[in-house]
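Below: the structure, in structure tokens.
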Amino acid sequence: MFREKVTADWLPRVKASLPAVLVDHAHLERKAATTALNLEKYRDLYDRVGELNAIAIEELQHFELVLGLLKKRGIPFGQPYPSPYITGLMRSVRNGNRNQAIDHLLCCALVEGRSCEKFQFLAAGLQEMDAELAAFYGSLVESEGNHYATYLLMARGIDEKEAEERMDFYLDLDARLIREPNPLPMLH
Ligand SMILES: [Fe+2]
Ligand SMILES: [Fe+2]
């Protein structure tokens, strides 16, 4: 689906700063939970409020799991950094209730899709170095993949043609943004 691969330096960079990446991951799950709740403001999604709540609960559970890992490893929960990738996607969300809902859902779908992909890389790439963390990332892959699919289907459910056209635009934008160098120890 994606039109550009995650850059080759991503995994080594993450492996070199695992504690900081785990703090970033905790914030990522926290933001994923609040994002699911924020989507409930769109009138086109009023009848999906139960599904969005379920995603928010799942993300909050992921947040708790990452916090548990931080605690176990003696890593203090710290400051969040804005992700240039996520900010870059969100900057192109159009105004107007329906367009905004579709764009917002597609941005969320791409972030979830990239998380799913990167968690698979971590599950494989951390096996030697940190088997516990490798297993942890492996255990999150299915859930983030489901979030990707749910958000994409929700966007299509609002307006299939519009969602397809905007997904084409967002896949190009994702391909541009994923190549941008980000020196900070972050997942996205
Ligand atoms: Fe999650
Ligand atoms: Fe998710």
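Numbering of residues begins at 1 and proceeds along the displayed sequence. What you see below is based on every heavy atom in this structure, not just the backbone, and it leaves out hydrogens, waters and symmetry mates. This is a predicted model, so every value here is computed, not measured. When a ligand or atom number is given, it counts from 1 through the structure's own listing order.
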Establish, yes or no, whether a centroid distance under 6.0 Å links the rings of His62 and Phe119. no
What residue pairs, at least two apart or across chains, pass side chain to side chain donor-acceptor pair (under 3.5 Å) with a residue in residues 103-112? Tyr42-His104, Arg94-Asp103, Asp103-Arg166, Glu112-His147
In Glu144, what N, O or S atom is nearest to the Fe ion (ligand 2), if we give its atom name? OE1
Angle at the Fe ion (ligand 2) (to 10°), with one arm to OE1 of Glu112 and the other to OE2 of Glu59: 130°
Candidate list Leu110, Leu89, Ile86, Asn182, test side chain to side chain contact (heavy atoms under 4.5 Å, CB included), partner Leu177, passing option: Leu89
Apply ring-ring contact (aromatic ring centres under 6.0 Å, His included) to Tyr148 and list each qualifying residue two or more places apart in sequence or on a separate chain. none
For N/O/S atoms only: which one belongs to Glu29 and is nearest the Fe ion (ligand 1)? OE1
The Fe ion (ligand 1) to His62: nearest N/O/S atom name: ND1
Measuring centre to centre across the rings, with the benzene-like ring taken for any Trp, is His27 within less than 6.0 Å of Phe77? yes
Distance check below 2.8 Å: does His147 bring an N, O or S atom to the Fe ion (ligand 1)? no
